[in-house]
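All values below were derived from every heavy atom in this structure, side-chain atoms included, with hydrogens, water molecules and symmetry-related copies excluded. Note that ligands are numbered from 1 as they come in the structure, with each ligand's atoms numbered from 1 the same way.
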Amino acid sequence: MNVLFVAAEVAPLIKTGGLADVAGALPASLRALGHDVRVVMPYYRQLRDRGIATEGPIAASFLPLGERDEELRIWRAVDAVTPTYLLDIPAAFERASIYGDGDDDRRFILFSRGVLALMQQLREVAGWQPDVVHAHDWHAALVSNYIRTTHAYTFGHVATVFTIHNLAYQGQFSTATLGASGLSERGLIENGMGPGTAGTFNFMARGIVHSDVVTTVSPTYAQEIMTSEYGERLDGLLLSKRDRVTGILNGIDSAAFDPATDVNLPEGFSAGAISGKQTCKRELQAEMGLAPSDTRPLLGLVSRLVEQKGLDLLDAAIPWLMLQTDAQLVVLGSGQPFLQDALLRHARAHPGRIAVRLGFDAGLAQRIYAGSDAFLMPSRFEPCGLGQMIALRYGSVPIVRATGGLNDTVREGWDGNGFVFHQYEARHFIEAIERALLAYRESASWAILRERGMREDNSWVRAAQQYTGVYDWARGLRTAG
Ligand code: ADP
């Protein structure tokens with residue numbers, strides 16, 4: 001099958017979040033299954049500044065944006081594992097930032113139009129065209145919209161799959177964006193969009209409406225986004241398409257996240273040879289200024305510090321944790337100032353027991369996964385979540401709220417791999433930690449629990465097979481009209 005992947009971030013070229021990991025890893029796994037997958041992404045100035053090797057331009061043209069025309073040149077990234085096209089659109093990507101300058105609507109309209117121009121180019125010059133276009137998140141959502149409307153005569157036969165990585169980021173703009181897009185308002189209101197989106201131009205809603213199949217990054221999140229609690233005002237629209245919505249859990253890069261070979265760790269370890277984990281714990285305590293102890297349970301948290309991640313529950317649990325238990329806590333993250341400040345206050349009040357490091361530090365993150373006994377993810381919502389899967393691999397037993405991908409990867413019980421609570425309330429989180437700390441005291445059973453998690457397979461191979469099924473499904477729907 002020929003598949004064109006469309007994403008605003010692709011690791012390792014450019015990454016601000018989990019989308020980049022998926023767009024980097026999944027195409028390679030699909031290619032290993034024999035599909036001809038190619039990737040298209042923006043040619044950000046950062047890529048040029050870093051001097052990544054490119055070939056081209058292989059084509060040049062102009063893209064309409066309202067009354068204007070903007071320049072497009074198409075390049076190929078030379079060293080990418082997956083064939084990767086870079087859309088060089090100076091009006092959109094010749095700047096320091098990746099997102100957030102206030103004209104993201106115009107930038108990603110241009111990007112989507114550039115994808116159509118690439119498709120035309122590939123068909124005419126290289127004789128290649130996709131059977132499936134797989135667009136990711138709101139930045140790429142309009143590609144499906146153009147394929148189904150303005151470009152229906154050229155590409156109407158191409159199946160479209162749209163993946164929602166986080167429904168909280170929809171790309172919602174005023175109706176002024178409509179003119180720049182060259183699209184029509186038709187087909188949206190009629191599709192059951194909820195209140196709050198009326199009178200706006202919503203990239204993600206358009207991707208949902210115009211794609212053959214909509215996927216999200218876990219089965220549970222796929223169900224949740226069709227409810228008003230998690231639906232971010234698009235639940236009505238999603239519900240109206242429910243027989244075309246599905247969820248596929250992300251994988252993790254099992255070569256990159258391997259405690260046996262991870263160069264960030266003071267000593268490697270694996271499920272069959274665990275002793276290095278004790279060294280990692282000692283070194284982590286030393287690195288973070290915690291009191292040295294082999295026997296105290298060490299809890300870890302690595303996260304963006306935003307409300308989504310359930311940090312108010314942690315804030316409420318800390319006094320109990322300090323008074324009623326002997327646990328230590330290490331936190332790495334950055335984000336909203338009021339959440340950072342609250343954590344720093346706890347650390348100052350409990351030196352030796354709580355350590356907080358603000359900032360983004362990939363190496364320290366790995367040392368926390370490796371050195372901690374348990375890993376906290378009390379998320380309010382979690383489309384998939386990578387943290388708990390990395391924690392499992394590194395023998396840090398996850399304590400999570402049963403939402404989204406957390407619900408699909410962590411189970412509590414006699415054959416479980418972690419600890420789970422359901423209601424978003426501090427006392428339920430506390431009870432889950434309490435159960436974990438009790439289990440920790442039984443070192444033989446804790447070892448079994450930990451080892452079970454370490455041996456679990458959350459690799460990309462399974463996900464790639466499931467996406468192949470979705471592509472077949474979308475093509476079937478397209479053929480059936
Ligand atoms: P999200 O994509 O919502 O941030 P995920 O759990 O899917 O949450 O992915 C987060 C990833 O980013 C994990 O691999 C986590 O280890 C990493 N991460 C988050 N914050 C930091 C940080 N401050 N420093 C290093 N890595 C971080």
**OP:** Using distance alone, with no hydrogens and no angle criterion, decide if His139 and Asp104 have a side-chain donor and acceptor under 3.5 Å apart.
**Re:**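 On atom types as modelled, these side chains do not qualify, holding no pair under 3.5 Å.
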Original post:
Side chains of Asn202 and Thr200: is there a donor and an acceptor less than 3.5 Å apart?
Top reply: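 Result is no, nothing qualifies.
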May I ask whether [X] places a heavy atom under 4.0 Å from ligand 1?
X      : answer
Lys309 : yes
Cys384 : no
Gly17  : no

Which atoms of ligand 1 are found less than 4.0 Å from any heavy atom of [X]?
X      : value
Gly385 : 6 (O), 7 (O)
Gly387 : 6 (O)
Asp361 : 24 (N), 25 (C)
Ile390 : 14 (O)
Ala365 : 25 (C), 26 (N)
Gly333 : 23 (N)

[X] and [Y] ion-paired at < 4.0 Å:
X      : Y      : result
Arg48  : Asp88  : yes
Asp415 : Arg452 : no
Arg441 : Asp326 : yes
Arg393 : Asp262 : no
Asp294 : Lys281 : no

Original post:
Is any side-chain heavy atom of Leu329 closer than 4.5 Å to a side-chain heavy atom of Arg353?
Top reply: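 SC-SC contact between Leu329 and Arg353 ruled out.
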Subject >> Min side-chain heavy-atom separation Phe5-Leu30 under 4.5 Å >> reply: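 Yes, side chains in contact.
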**OP:** Please confirm whether Leu386 comes within less than 3.5 Å of ligand 1 when only nitrogen or oxygen atoms on both sides are compared.
**Re:**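 Between Leu386 and ligand 1 (N or O atoms, distance only) the closest approach is under 3.5 Å.
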Subject >> Test of proximity, Phe257 against ligand 1: N or O pairs below 3.5 Å >> reply: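 No, Phe257 has no N/O under 3.5 Å of an N/O on ligand 1.
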Subject >> Closest candidate by heavy atom, reference atom 20 (N) of ligand 1, pool Gly363, Ser303, Gly18 >> reply: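 Minimum heavy-atom distance to atom 20 (N) of ligand 1 goes to Ser303.
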Nearest-neighbour protein heavy atom for [atom], which is reported as residue plus atom name and distance:
atom                    : answer
atom 23 (N) of ligand 1 : Gly359 O, 2.7 Å
atom 4 (O) of ligand 1  : Arg304 NE, 2.8 Å
atom 27 (C) of ligand 1 : Phe360 CE1, 3.4 Å
atom 16 (O) of ligand 1 : Tyr369 OH, 2.6 Å

Original post:
Of Arg411, Arg462, Arg450, which is the lone residue that meets salt bridge (Lys or Arg N to Asp or Glu O under 4.0 Å) with Glu456?
Top reply: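 Exactly one pass, corresponding to Arg411.
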**OP:** Write down the atom of Leu87, the atom of Gly114, and the distance for their closest heavy-atom approach.
**Re:**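 Nearest pair, atom of Leu87 first, then Gly114: CD1-C, 3.5 Å.
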Subject >> atom 12 (O) of ligand 1: any protein heavy atom closer than 4.0 Å >> reply: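 No, no protein heavy atom sits under 4.0 Å from atom 12 (O) of ligand 1.
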